[in-house]
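The structure appears right after this line, and notes come after that.
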Amino acid sequence: MTIAAPRPRGVIHHWAEILPLTPQTPRISLGEGDTPLVRSSHIEALCGLDELWFKLELCNPTGSFKDRGMVVAVAKALEDGAKAIMCASTGNTSASAAAYAAHTGIECFVLVPGGKVAAGKLAQAIAFGAQIIEVDGNFDDALNAARALTEKHPVALVNSVNPNRIAGQKTAAFEICEALGDAPDILAIPVGNAGNITAYWKGFGECSERGLASLHPRMCGFQAAGAAPIVLGKPVESPQTVATAIRIGNPASWKSAIAARDESNGLIEAVTDDEILEAYRLLASKEGIFVEPASAASVAGLIKLAREGRATGGRAAAILTGNGLKDPDTATTQYEPKVTKAAGTVEGVERALGW
Ligand SMILES: *Cc1c(COP(=O)(O)O)cnc(C)c1O
């Protein structure tokens with residue numbers, strides 16, 4: 001047996017052909033992309049589907065899909081001579097921006113809604129050395145401020161309103177088509193600021209142009225009921241949900257999310273926090289996949305459609321956007337720990353287990 005030289009990894013290396021790169025764009029990477037597509041063992045039947053596949057975007061380097069677009073946004077910012085980047089964030093964008101800033105030696109400013117960011121995400125931004133600004137307001141206020149600040153000051157904005165983020169994120173649609181040999185019939189995805197549903201729809205369109213897919217998936221986006229502006233048709237003043245990553249009242253990519261829905265004959269609907277948490281528990285206990293609550297919205301939506309008699313069968317892919325470790329506080333309230341105390345001996349453990 002011989003051991004091959006390590007192959008270069010990462011979104012920029014692998015997908016250069018479909019990204020807005022020039023010879024001057026630095027080829028940076030933290031090993032993002034190329035995430036597993038795993039077949040469901042249990043939830044598939046609950047959803048009345050022939051096949052359900054989970055795209056494990058939680059396997060990206062900082063634990064969310066944000067890395068896929070961030071690597072391109074930061075590379076392009078570096079190409080343009082930027083010395084600093086800024087984003088507004090419910091947590092994962094800041095973790096990702098801070099990681100790529102640390103990796104490339106630039107400064108990172110993150111604007112987060114005070115007290116509303118999951119502990120793991122804040123820990124990442126702190127560890128990577130970002131300058132954290134806790135805004136007295138919600139995500140939408142933070143994004144408005146970040147947009148205005150980056151117009152005024154020499155700092156690059158790396159939110160998903162930056163088209164390089166969308167370009168990087170569309171690569172996940174290519175990976176799904178490659179893995180399945182075609183596009184799925186249904187794509188289920190959580191919707192917050194709506195950049196990701198926009199990116200996937202763009203990606204699937206390009207896949208069919210390039211002959212990698214013979215069909216378009218129906219784009220099925222799910223918002224949290226307390227933060228469902230697209231479903232309600234109007235901005236939500238103070239969005240509320242346990243799924244903090246999609247706690248957004250006025251999505252920046254609202255129009256393109258609606259276009260993805262309508263052009264694909266899809267839907268954007270709401271799931272309650274109870275439905276999200278049920279899917280969150282099922283993913284862990286029946287599939288062995290620990291996600292953060294926002295990610296469970298995609299699966300909650302598929303379960304809901306089946307319960308309402310609206311399951312269509314066929315093949316679906318659900319995007320699992322972020323890692324459960326990011327939000328330990330929700331985990332400790334949602335799982336019943338099976339813990340027994342025992343003396344540190346064989347007999348002690350046997351006694352405790354009743355063996
Ligand atoms: C950012 C994020 C979302 C929402 O994606 P949008 O592009 O804002 O719609 C969903 N889940 C997780 C874990 C996220 O980090």
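When a ligand or atom number is given, it counts from 1 through the structure's own listing order.
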I need the nearest protein heavy-atom contact for [atom]: residue, atom name and distance, please.
atom	value
atom 7 (O) of ligand 1	Asn196 N, 2.8 Å
atom 5 (O) of ligand 1	Phe65 CZ, 3.5 Å
atom 14 (C) of ligand 1	Lys66 NZ, 2.9 Å
atom 11 (N) of ligand 1	Thr321 OG1, 2.8 Å

[X], any N or O under 3.5 Å of ligand 1 N or O:
X	value
Asn193	yes
Ser295	no
Gln169	no
Ala245	no

Checklist entry - How does Thr198 reach ligand 1, by side chain, by backbone, by both or by neither, if only non-hydrogen atoms under 4.0 Å count? => result neither
Could you pull out the closest heavy-atom pair between [X] and [Y], with the gap in Å?
X	Y	value
Ile43	Glu287	N-OE2, 2.9 Å
Trp201	Ala259	NE1-O, 4.4 Å
Cys47	Leu302	SG-CB, 3.7 Å
Glu175	Thr35	OE1-N, 3.3 Å

Checklist entry - Would Asn92 and Lys326 count as a side-chain hydrogen bond (donor to acceptor under 3.5 Å, both in side chains) if you check the C-alpha gap in whole Å, the side-chain angles of each, and the deciding distance to 0.1 Å? => result CA-CA 9 Å; Asn92 282 332; Lys326 285 175 173 276; 2.7 Å; yes
Item to check | Flag side-chain contact, heavy atom, 4.5 Å: Gln131 against Val110 | outcome: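 The answer is no, as the side chains (C-beta and beyond) never meet within the 4.5 Å cut-off.
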Checklist entry - Do Lys286 and Arg281 come within less than 4.5 Å of each other through their side chains, counting heavy atoms only? => result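 SC-SC contact between Lys286 and Arg281 ruled out.
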Next on the checklist: Would you compute the distance between atom CD of Gln124 and atom OG1 of Thr62 and round it to the nearest 0.5 angstrom?
Outcome noted: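 If I round to the nearest 0.5 Å, the distance is 5.5 Å.
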Next on the checklist: Any heavy atom of Ser160 closer to ligand 1 than 4.0 angstrom?
Outcome noted: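 Distance cut 4.0 Å: Ser160 fails for ligand 1.
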Atoms of ligand 1 less than 4.0 Å from [X] heavy atoms?
X	result
Gly195	6 (P), 7 (O), 9 (O)
Ala294	11 (N)
Gly322	13 (C)
Gly192	4 (C), 6 (P), 8 (O), 9 (O)
Glu292	13 (C)

Next on the checklist: Under 6.0 Å between ring centres: does that hold for Phe174 and Tyr200?
Outcome noted: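 No, they do not, as the ring centres are separated by 6.0 Å or more.
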Checklist entry - Relative to the ring of Phe290, is the ring of Tyr335 parallel (under 30°), tilted (30 to 60°) or perpendicular (over 60°)? => result perpendicular
